[in-house]
Amino acid sequence: MARQSFGISKVDVGLVTNLPINQVVWADGRNISFKPGEVYKMPGKTLLKTTDNTPIREMFTFKGYDNVWRTLSCADNKIYSYTSSFTQNTNITPTTPPSSVATDTWLFGLIGGVPIISNGVNPTWKWSDYAGAVTPISSIPQICKALAVINNRLVVGDIVEGGYSFPARIRWSDIIKPEGTGWARDLKLSSGMKDCISPHTSKEGIDRIQAITNIGNRIVIFTERNIWFGNHVEFPEIYSFMPLDQNIGLVARKAFTKTPYGLFFMGQEDFYKIVEGVPQSIGFKIRNFIFQNINKSVINTSFSYYKPSLKEVFFCVPFKDSTTPNLAVVYQVETDSFSFQEVGYTCHTQYFTDTSILPFEAVGNISGQILKQDDGFHNNGQPIDGWIQTGAIALNDSKGNSLEDINKIIYEIWPTLKAQESVNEIMIQVGTANNLYEDISWSSPVAYTIGISRHANFRKMGKWVYLKFFSDTLNSPWAMESWKTKFDIGSSR
C-alpha cells in the first residue's frame with residue numbers, strides 16, 4: 001500500500017500555549033518569528049559601538065533644532081549623546097550626575113527640538129545647548145516619574161513639588177513653554193493639574209500614575225489599576241478626564257507602545273490593545289504560560305516597543321528567575337500571532353542617520369554595547385538557537401479521518417523552505433508518544449540542506465507525532481512556508 005501523506009500549509013498561526021497540546025499547530029519555540037505565510041528564524045545583531053557609558057538603561061533618538069539626528073544614551077550616572085551612526089559621542093552628564101538604579105525609569109520628551117529628560121529620582125533636565133551638558137529645568141515640578149509631550153505641552157505625573165509627593169497628580173504646561181511661566185496658573189488657565197482619585201473602594205483611595213501617553217489629542221493616563229482619558233475641551237478646563245474603571249492598569253512604566261495599529265500595553269494579567277478607548281485582550285493564546293512564569297518581584301523592569309518593519313510589538317519581561325528582562329513576547333499584528341525571543345538588551349531605539357529615510361533598530365545592553373538589530377544571522381559573533389515545535393499531531397488518513405488511536409510509522413518529512421542566498425542546514429526531529437502529555441521519545445536530529453535536500457528520512461512509530469525544526473549554528477537562517485510527512489499506518493496496540 002502506498003504511503004500516506006499529511007501536512008500543514010498554514011504555518012503563520014503563531015505559538016499557542018493556552019489550549020490542549022493536540023489542538024495547536026505550534027506549541028513552543030524560541031528565537032523565531034511569524035509573518036504572513038511563513039515562520040522564520042529571527043536575524044541577529046551586530047556591534048555598532050562599545051561605550052564606557054554602562055550599564056545602558058535607555059536610549060532616545062531625535063532630530064534637533066539644528067536638523068541633526070542624535071541618540072541619547074542614559075546610564076545610572078551618565079548621559080551621552082551620539083551622532084553619525086554612533087561613531088561620535090559627547091558626554092553631556094549634568095554637573096550633579098544622575099543617581100538612578102536599575103529599577104528607575106528614564107523618560108524623554110521633545111519640545112521645539114529641546115530634549116526633556118527624567119529618571120524619576122533627580123530633578124528633570126533639559127538639553128537646550130547641544131555644545132554643553134544637560135541642565136535642570138526651572139519651575140517644573142521637581143521630580144516626575146511619568147512624562148510625555150502632548151499637543152506641544154509637557155505633561156508630567158507622579159510628581160514631587162514643594163517637597164511633597166503626589167503620586168496620583170498630573171500637571172501640564174502651557175504650549176511650547178515647558179518651564180518658567182509655562183507652569184503658572186494664569187487667567188487663561190493655560191496650564192493645569194488633575195488628581196486621579198480612585199473610583200474604587202480600595203484602601204489606597206488614589207490611582208498611582210504609571211505612565212502618560214496620547215491617542216491623537218487625547219491624553220491617556222495609565223495607573224496601576226486604571227486608565228484615565230483626558231479629552232480636549234474649551235476654556236476654562238483644557239482637558240476633561242474620565243476613568244475607564246475596569247480594574248485594568250499598566251504593570252510597568254515602560255510596558256506600553258504606540259503603533260499605527262493602536263496603543264498596546266501589558267496589564268497585570270494580560271496583554272491589551274486599546275481600540276476606540278476600550279482595552280481589548282490580545283493575549284489569550286499565551287497569557288497563562290507567560291504570567292505564571294514572570295518574576296513578579298522585578299516585573300516593573302518590563303518594557304515594550306514597536307518594530308514597524310515587521311509589524312511586531314515586543315513585550316520584554318523578566319522570565320522565571322531572571323532579574324532583568326530576558327524574554328520578548330512578540331505580537332505580530334498582521335497575523336495576530338505570538339512568538340518568543342531571547343532578550344540580551346535593556347532598551348531599544350529607532351535610529352535615523354542624517355541621510356536615511358528609513359530607520360534601523362538599535363539596542364543597548366548592560367555591558368555598554370550598542371548593537372544594530374536584525375542585522376546578520378548571529379548575535380555579535382555568537383550563534384542563535386532558533387527552534388519551533390509542533391503540538392501533538394494525530395495525523396489523518398486519505399479520507400480525513402483522525403488516526404489518534406492508531407500507531408503511525410513516520411518515514412519522511414518534507415519541509416517547504418524559502419530560497420535564500422546562504423546554503424546551510426536546518427535540523428529536523430520527529431517525536432512520538434502513545435498518550436498525550438507523556439514524555440516524548442525524540443529521534444536524533446536529521447540535517448536538511450536548504451535548497452539541496454528534498455526530504456529528511458526517519459523511522460519513528462507512535463500514536464501522537466511531534467516535529468521540531470531548528471538551527472543553532474552561526475549564519476544558519478531559514479524560513480518555512482509549509483511541511484508534510486509521509487507515513488504508514490500501523491496497529492492500534
Side-chain angles (χ1 to χ4, degrees), residues 14-19 21 24 26-33 41-42 44-45 54-59 74-76 100-106 120 210-211 224 249-257 264-272 283-305 312-331 338-348 363-369 371 373 378-389 437 439-440 442 468 470 472:
L15 302 180
V16 179
T17 61
N18 208 28
L19 288 173
I21 198 169
V24 304
W26 302 114
D28 203 358
R30 290 294 184 277
N31 300 324
I32 49 92
S33 283
K41 181 178 176 179
M42 60 172 277
K45 298 182 283 290
T54 60
I56 300 174
R57 301 298 187 193
E58 190 57 273
M59 296 192 298
C74 303
D76 290 341
S100 57
V101 296
T103 53
D104 295 322
T105 303
W106 286 86
Q210 287 278 67
E224 292 175 330
L250 184 68
V251 74
R253 295 186 184 275
K254 299 289 285 187
F256 72 96
T257 189
F264 292 81
F265 72 97
M266 177 180 170
Q268 284 80 4
E269 301 168 345
D270 205 346
F271 300 99
Y272 298 91
F284 171 78
K285 298 174 184 178
I286 46 81
R287 66 186 176 206
N288 288 351
F289 172 69
I290 294 299
F291 284 91
Q292 289 172 7
N293 288 284
I294 284 179
N295 185 347
K296 294 179 175 56
S297 65
V298 288
I299 197 171
N300 63 321
T301 62
S302 302
F303 64 95
S304 178
Y305 66 90
E312 291 177 334
V313 177
F314 280 63
F315 297 98
C316 301
V317 301
F319 200 63
K320 296 190 175 178
D321 296 330
S322 179
T323 57
T324 57
N326 64 330
L327 182 73
V329 181
V330 184
Y331 178 69
F338 282 94
S339 60
F340 304 142
Q341 298 180 12
E342 295 171 347
V343 172
Y345 49 89
T346 55
C347 57
H348 164 275
V363 295
N365 62 27
I366 60 174
S367 300
Q369 294 176 323
L371 303 111
Q373 199 176 31
H378 57 86
N379 276 333
N380 195 25
Q382 299 299 311
I384 301 169
D385 184 6
W387 60 273
I388 190 165
Q389 179 184 316
Y437 302 110
D439 289 343
I440 302 170
W442 288 100
K468 184 176 182 180
F470 71 95
D472 56 4

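Only this structure's heavy atoms are used, side chains among them; waters, hydrogens and symmetry mates stay out. Here the structure is a predicted model, which means the values were calculated and not measured.
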Is there a side-chain contact between [X] and [Y] in this structure, where contact means two heavy atoms from C-beta onward sitting under 4.5 Å apart?
X	Y	value
W26	Q389	no
D472	I384	no
Y345	Q373	yes
Y331	F264	yes
F314	V343	no
V363	T346	no
R287	V329	no

### Message
Between L327 and N293, is the side-chain contact (heavy atoms from CB on, under 4.5 Å) condition met? List the steps.
### Response
CA-CA 11 Å; L327 182 73; N293 288 284; over 6 Å; no
### Summary
Only residue of V251, L250, V313 satisfying side chain to side chain contact (heavy atoms under 4.5 Å, CB included) with F265 is L250
### Query
Between D385 and R30, does at least one N-O distance fall below 4.0 Å, as a salt bridge requires?
no
Could you verify whether a donor N or O on one side chain and an acceptor N or O on the other, from [X] and [Y], lie under 3.5 Å apart?
X	Y	result
N31	Q341	no
N380	K45	no
N365	Q369	yes

### Query
Does anything in residues 315-325 pair up under salt bridge (charged side-chain N to carboxylate O under 4.0 Å, His left out), and if so which pairs, sequence neighbours excluded?
none
Atom [atom1] in [X], atom [atom2] in [Y]: separation rounded to 0.5 Å?
X	Y	atom1	atom2	answer
M266	Y272	CE	OH	11.0 Å
T257	F315	OG1	CZ	8.0 Å
I32	F470	CD1	CZ	14.5 Å
T105	N300	OG1	CG	7.0 Å
S339	L15	OG	CG	6.5 Å
T103	R57	OG1	CZ	8.5 Å

For the residue pair [X] and [Y], what are the closest heavy atoms and their distance?
X	Y	result
Y305	C316	CE2-SG, 4.1 Å
C347	F303	N-CZ, 4.0 Å
S302	P318	OG-CD, 3.4 Å

#### Entry: Contacts of type salt bridge (charged side-chain N to carboxylate O under 4.0 Å, His left out), residue D104, not counting sequence neighbours
none
Please check: side-chain N/O of [X] versus main-chain N/O of [Y], any donor-acceptor pairing under 3.5 Å?
X	Y	value
N295	F319	no
K296	F291	yes
R253	Q210	yes
S33	M42	no

#### Entry: Neighbour count above 12 (heavy atom, 6.0 Å) for E269 CD
no
### Query
Does CD1 belonging to I299 count more than 12 external heavy atoms closer than 6.0 Å?
yes
### Message
As a quick check of understanding, evaluate ring pair (Phe, Tyr, Trp, His ring centres under 6.0 Å) for F256 and F271, giving each step before the final call.
### Response
CA-CA 10 Å; F256 72 96; F271 300 99; over 10 Å; no
### Message
The criterion is side chain to side chain contact (heavy atoms under 4.5 Å, CB included); which residues satisfy it with V24, sequence neighbours excluded?
### Response
V16, L19, A27
### Task
Verify the ring-centre separation between F340 and F289: is it less than 6.0 angstrom?
yes
